[in-house]
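Structure, as structure tokens:
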Number of protein chains: 2
Amino acid sequence: MTGRARRSADDRRAQLVQIGLELLPTTPVQELTIDEVARRAGISRSLLFHYFPSKRDYYAAVTRAAAELLWAHLLPRPGTPGDGSGVDGMLDRYVGWVETFRETHLAFVRGASGGDPWVAEVYAETRDRLVEVGLRTLGLPDDARRRQLVLAFFAFTEDLVAQWVLEPTMPREELLALLRDVLDRLLPR
Amino acid sequence: MTGRARRSADDRRAQLVQIGLELLPTTPVQELTIDEVARRAGISRSLLFHYFPSKRDYYAAVTRAAAELLWAHLLPRPGTPGDGSGVDGMLDRYVGWVETFRETHLAFVRGASGGDPWVAEVYAETRDRLVEVGLRTLGLPDDARRRQLVLAFFAFTEDLVAQWVLEPTMPREELLALLRDVLDRLLPR
DNA sequence: TAGCTTGTTGATCGTTGCTCAGCAAGCCGA
DNA sequence: TCGGCTTGCTGAGCAACGATCAACAAGCTA
């Protein structure tokens with residue numbers, strides 16, 4: 001043979017996670033098989049288990065990567081000043097994220113709530129970080145009650161935006177205004 | 001042997017679904033194995049496949065049973081007049097349902113959003129029925145926009161109540177008032 | 001060239017979803 | 001009592017998948 005491609009550990013790891021990210025949108029989390037990932041990477045199953053001790057670890061890594069993408073997309077970009085840093089900006093970017101990466105995002109959310117505790121933990125971490133940033137942006141103290149309300153507001157937003165993208169029953173601006181209105185209602189300043 | 005217990009088809013079916021309902025709260029949906037169910041029922045795996053063509057069909061049947069329980073609990077009871085028939089009554093009963101059957105309810109919701117399309121369909125049916133009843137109870141027309149909002153409100157309620165049950169950050173009455181307030185805000189009369 | 005590190009594989013195992021041929025329990029008519 | 005029918009039920013076995021392990025080989029360094 002012409003010699004197998006021998007990659008560095010980091011390279012291989014990144015490649016495998018990347019394949020997971022590409023497969024995630026089209027494949028239900030539970031149907032994503034190690035065999036398929038290994039086949040796409042052109043390696044044996046054994047090697048994947050060398051980098052990730054178990055299937056769960058692999059899924060968790062992929063989920064974490066997806067969360068990082070979302071996170072990076074939600075933060076205000078330094079290059080885009082103006083309405084970037086407020087809550088309105090974050091809501092706007094969130095809707096934009098779902099509009100652009102709808103499949104990936106739904107897979108992320110579903111995979112998170114679907115069974116596996118390790119994956120759910122990654123999702124919970126991301127949500128917690130978002131709550132923290134959200135409350136800070138709103139200039140409100142971070143207590144248990146507000147945390148619950150913000151988390152529930154996320155659930156509301158996720159559900160509504162996911163539906164709205166499929167069937168836009170109102171203008172984009174109205175959706176954003178409605179979300180902002182509900183949030184203000186829940187957390188009066 | 002003393003002769004195996006030979007049941008009628010309906011009996012056996014009901015027994016298997018019942019075992020699923022009992023196992024659901026303590027076992028993540030994906031870890032629930034046919035072997036375990038068959039063992040608890042004292043039958044062979046083969047027989048379970050005789051009644052349910054596939055694992056999915058079995059899960060769907062169990063999920064449907066759980067949905068029926070929820071549904072029956074949410075409808076106003078004829079014997080309990082007073083505040084039973086309005087939206088407040090339904091919200092009250094929903095909170096009560098989650099308080100009492102928290103584990104089962106979380107398992108129901110998670111199982112619904114976790115991967116399997118057949119199970120998700122059962123969940124979607126239940127939600128649709130609830131939206132219909134909700135809008136009718138509110139005396140509002142049933143259009144696409146309102147449907148989306150009510151569904152998103154369900155997501156909000158599910159999330160908030162699930163958290164609140166674990167850590168009650170406000171009195172029960174305040175929770176109910178808040179839910180009602182948000183609903184009125186979303187669907188002004 | 002020898003030797004070490006480490007990326008990589010093939011053989012193999014246990015579990016699990018699923019199939020299939022056939023057994024056996026109960027009921028019926030003669 | 002006997003034969004025959006329906007149908008609840010089983011056991012052997014297959015394919016797919018997650019996971020393990022001993023061993024090979026690519027590339028660097030001395």
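This structure is a prediction, so every number in the text was calculated from the model and none was measured.
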Original post:
Base, sugar-phosphate, or nothing for Tyr51(B), non-hydrogen atoms under 4.0 angstrom?
Top reply: sugar-phosphate
Original post:
Quick one: side-chain hydrogen bond (donor to acceptor under 3.5 Å, both in side chains) partners of Ser54(B), sequence neighbours excluded?
Top reply: Asp57(B)
Original post:
Can you tell which of dT10(D), dT16(C), dC18(C) lies closest to the side chain of Leu47(B)?
Top reply: dT10(D)
**OP:** Under 4.0 Å between any heavy atoms, over every strand shown, what does Ser8(B) touch: base, sugar-phosphate, or nothing? Just pick one.
**Re:** nothing
Original post:
In terms of side-chain heavy atoms of Ser54(A), which of dC20(C), dA19(D), dT16(C) is nearest?
Top reply: dA19(D)
**OP:** Measure from the side-chain heavy atoms of Ile43(B) and tell me the nearest of dT8(C), dG10(C), dT10(D).
**Re:** dT10(D)
Original post:
What are the two closest heavy atoms between Val87(B) and Arg180(B), and how far apart are they?
Top reply: CB-NH1, 3.9 Å
Subject >> Closest to the Arg6(A) side chain, choosing from dG8(D), dG17(C), dA26(D) >> reply: dA26(D)
**OP:** For Asp143(B), look at atom CG and say whether over 12 heavy atoms of other residues, nucleotides or ligands are found less than 6.0 Å away.
**Re:** yes
**OP:** Please tell me which of the listed nucleotides, dC21(D), dG8(D), dT8(C), lies nearest to the side chain of His50(B)?
**Re:** dG8(D)
**OP:** Fit a plane to each ring of Phe156(B) and Phe156(A), take the angle between them on a 0 to 90° scale, and name the class: parallel (under 30°), tilted (30 to 60°) or perpendicular (over 60°).
**Re:** perpendicular
**OP:** Could you name each residue pair satisfying side-chain hydrogen bond (donor to acceptor under 3.5 Å, both in side chains) that touches residues 149-158 of chain A, not counting sequence neighbours?
**Re:** Tyr123(A)-Glu158(A)
Original post:
Quantified as the angle between the terminal helix axes (five pairs each), what is the overall bend of the helix from dT1(C)-dA30(D) to dA30(C)-dT1(D) to 10 degrees?
Top reply: 20°
Original post:
Which part of the nucleic acid, if any, lies within contact of Arg45(B), taking any heavy atom under 4.0 Å across all strands shown: a base, the sugar-phosphate backbone alone, or nothing?
Top reply: base
Original post:
Are Arg172(A) and Asp92(A) within salt-bridge range, i.e. N to O under 4.0 Å?
Top reply: yes
Original post:
Looking at dC17(D), dC9(D), dG17(C), which one has an atom nearest to any side-chain atom of Phe49(B)?
Top reply: dG17(C)
Original post:
Hey, does the side chain of Thr33(B) come within less than 4.0 Å of dT15(C)'s phosphate (OP1/OP2), counting only N and O?
Top reply: no
